[in-house]
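Worth knowing before you read on, the calculation uses all heavy atoms, side chains too, and leaves out hydrogens, waters and symmetry mates.
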Amino acid sequence: QWTFGDVIPTGMITLWILLPLVCSIAVSGLRGTVQWLVFVTIFYLFSLFLSDNFISISINVDEKITELFFGFNAIIISGILIGIMIYFIKNRDKAIDELAEFTVSLEKIVSKRTKELKENVEELTATEEELRQNNDELITANENIERQKREIEGINEDITHSINLTKTIQDALLTRKELIDSYIEDYFILFKPKDQVSGDFYYLNKINNQLVFTVGDCTGHGIPGGFLTVLGITYLHEIIKRNEIDRPSKALGILYERFK
C-alpha cells in the first residue's frame, strides 16, 4: 500500500485496476473481459497476501507533488474515457451504416421476393382463369354430348321399334307352320336371318292339287331387305293364288314386271 502524505490513494489504485477491465469490455469483447477479470482477481488476491505478510512502505512527499500526481492521473483517465467514448461513437456509426446497408439489402431481397410472388400469383390467376374456361367448355361439351345421347337414344328407340314392327309384319307374311303341316308331313325349315329382319323368305301354297314352294333371296339385308321380302311375298301370293299360275317361269316374269 502506497501512501502520499496523509492521502491513501486506494480508490485511485482500484480505478486503475478497473480501467483496463472497462477497456477490455469495449474492445476485446466477452472472452477478453473474462480473461482480464481472472487476471485482476488473481492479482488482487496476491496483493492481499503481500499486504498481510510484508512491511508496508510509506513515502512522504510534498503535497503539491501529490496534487500533481492525482491531476496527472485524472487527465490520463479522462483521456482514456474520452477515447472509449469516441471508439463507441465510431463503432455506433459503423454499426448504423452496416445496419442501413443490411436494411437496403433486405429491402431489395423483399422487393425481389414480392415481385416474384406477384408474378406467381398472376400466373396462378391466369392458370385458374384458363382452367375455369376449360371447365366451362367441358361442361358445355358434356351437355351437348348428353343432348346428342338423348337424341341418339330416341332415334335408336324409333329404329328399334320400326325393326320390331317390320319383323312382326315379315313373320306374319311368312307361311304359317300349321299350313305347312297340312301340306307336308316330313320336313324342316332352316331360317336364320343375319339381322333381326331378314332379306330372305320362304313361301308355300297349293293350287289345283299342285304344291308351290318358293325360297326367295332379296337384295340387301336388314330393314331394306325386310321391305323387299314383304313386297316379294305379297306379290308372289297375289300372282299364284289369284291368277292360279303354277309355272315358275311365268310367275317370275310377272313378279319382275311388278318390281319394275
Side-chain angles (χ1 to χ4, degrees), residues 120 122-260:
N120 292 335
E122 291 176 354
E123 291 178 359
L124 289 175
T125 303
T127 303
E128 182 182 2
E129 180 65 21
E130 184 178 356
L131 289 175
R132 187 185 64 80
Q133 292 178 358
N134 292 337
N135 186 56
D136 293 340
E137 292 177 357
L138 287 175
I139 292 174
T140 303
N142 187 55
E143 291 176 352
N144 293 332
I145 291 173
E146 289 293 331
R147 178 177 54 79
Q148 293 173 359
K149 179 183 177 182
R150 289 192 297 269
E151 292 177 356
I152 292 173
E153 288 176 350
I155 295 172
N156 183 64
E157 185 177 353
D158 293 339
I159 293 174
T160 303
H161 179 70
S162 299
I163 291 174
N164 291 334
L165 182 60
T166 304
K167 178 174 177 55
T168 302
I169 295 173
Q170 186 182 55
D171 291 342
L173 291 177
L174 292 174
T175 305
R176 290 178 292 113
K177 184 176 183 302
E178 293 79 3
L179 183 60
I180 298 175
D181 291 339
S182 64
Y183 297 150
I184 305 174
E185 294 181 358
D186 187 12
Y187 72 95
F188 73 92
I189 298 175
L190 181 62
F191 185 68
K192 291 185 177 181
K194 178 179 180 295
D195 297 318
Q196 191 172 359
V197 179
S198 176
D200 303 327
F201 69 93
Y202 58 88
Y203 176 78
L204 183 66
N205 214 325
K206 192 173 185 181
I207 300 174
N208 300 326
N209 295 324
Q210 290 184 350
L211 190 62
V212 179
F213 181 79
T214 303
V215 174
D217 182 8
C218 299
T219 303
H221 52 80
I223 293 179
F227 280 116
L228 288 177
T229 60
V230 170
L231 293 175
I233 295 172
T234 303
Y235 291 157
L236 190 61
H237 181 73
E238 181 183 353
I239 292 170
I240 294 175
K241 197 67 176 176
R242 291 185 181 180
N243 299 327
E244 296 184 354
I245 297 175
D246 55 0
R247 287 188 302 168
S249 59
K250 189 175 181 179
L252 289 175
I254 297 173
L255 185 63
Y256 174 76
E257 292 296 328
R258 297 293 299 271
F259 272 102
K260 286 180 62 176

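Closest non-hydrogen pair, L211 versus N205, comes out as CD1-O, 3.4 Å. Taking each heavy atom of Y235 and F259 in turn, the nearest pair found is CD1-CE1, 3.7 Å. I184 approaches D186 most closely through the heavy-atom pair CG2-O, 3.6 Å.
Contact of the T229 side chain with the Y202 side chain is not registered, since no non-hydrogen atoms from C-beta on lie closer than 4.5 Å. Contact annotation: the side chain of V212 never approaches that of L204 to less than 4.5 Å [non-hydrogen atoms, C-beta and beyond]. Side-chain contact between L179 and S182 is present, with heavy atoms from C-beta onward closer than 4.5 Å. With contacts defined as side-chain heavy-atom distances shorter than 4.5 Å, the pair N156/D158 does not qualify.
E151 CD: more than 12 foreign heavy atoms inside a 6.0 Å radius.
A salt bridge is absent between E153 and R150: the closest approach of a Lys/Arg side-chain nitrogen to an acidic carboxylate oxygen does not fall below 4.0 angstrom. Contact check on E143 versus R147 returns no salt bridge, with no Lys/Arg side-chain nitrogen under 4.0 Å from an Asp/Glu carboxylate oxygen.
N135 places no side-chain N or O within donor-acceptor distance of the main-chain N or O of L131, the cut-off being under 3.5 Å. Under a 3.5 Å cut-off, the side chain of N144 and the backbone N or O of T140 do form a donor-acceptor pair. Between the Q170 side chain and the V230 main chain, no donor and acceptor come within less than 3.5 Å of each other.
Just one residue in the list L236, L173, D217 forms a side-chain contact (heavy atoms from CB on, under 4.5 Å) with F201, and that residue is L236.
Ring pair Y203/F213: centre-to-centre distance not below 6.0 Å.
F227 is linked by a ring pair (Phe, Tyr, Trp, His ring centres under 6.0 Å) to nothing, counting only residues two or more places apart in sequence or in another chain. Shown here are the side chain to side chain contact (heavy atoms under 4.5 Å, CB included) partners of Y256, two or more places apart in sequence or in another chain: K260.
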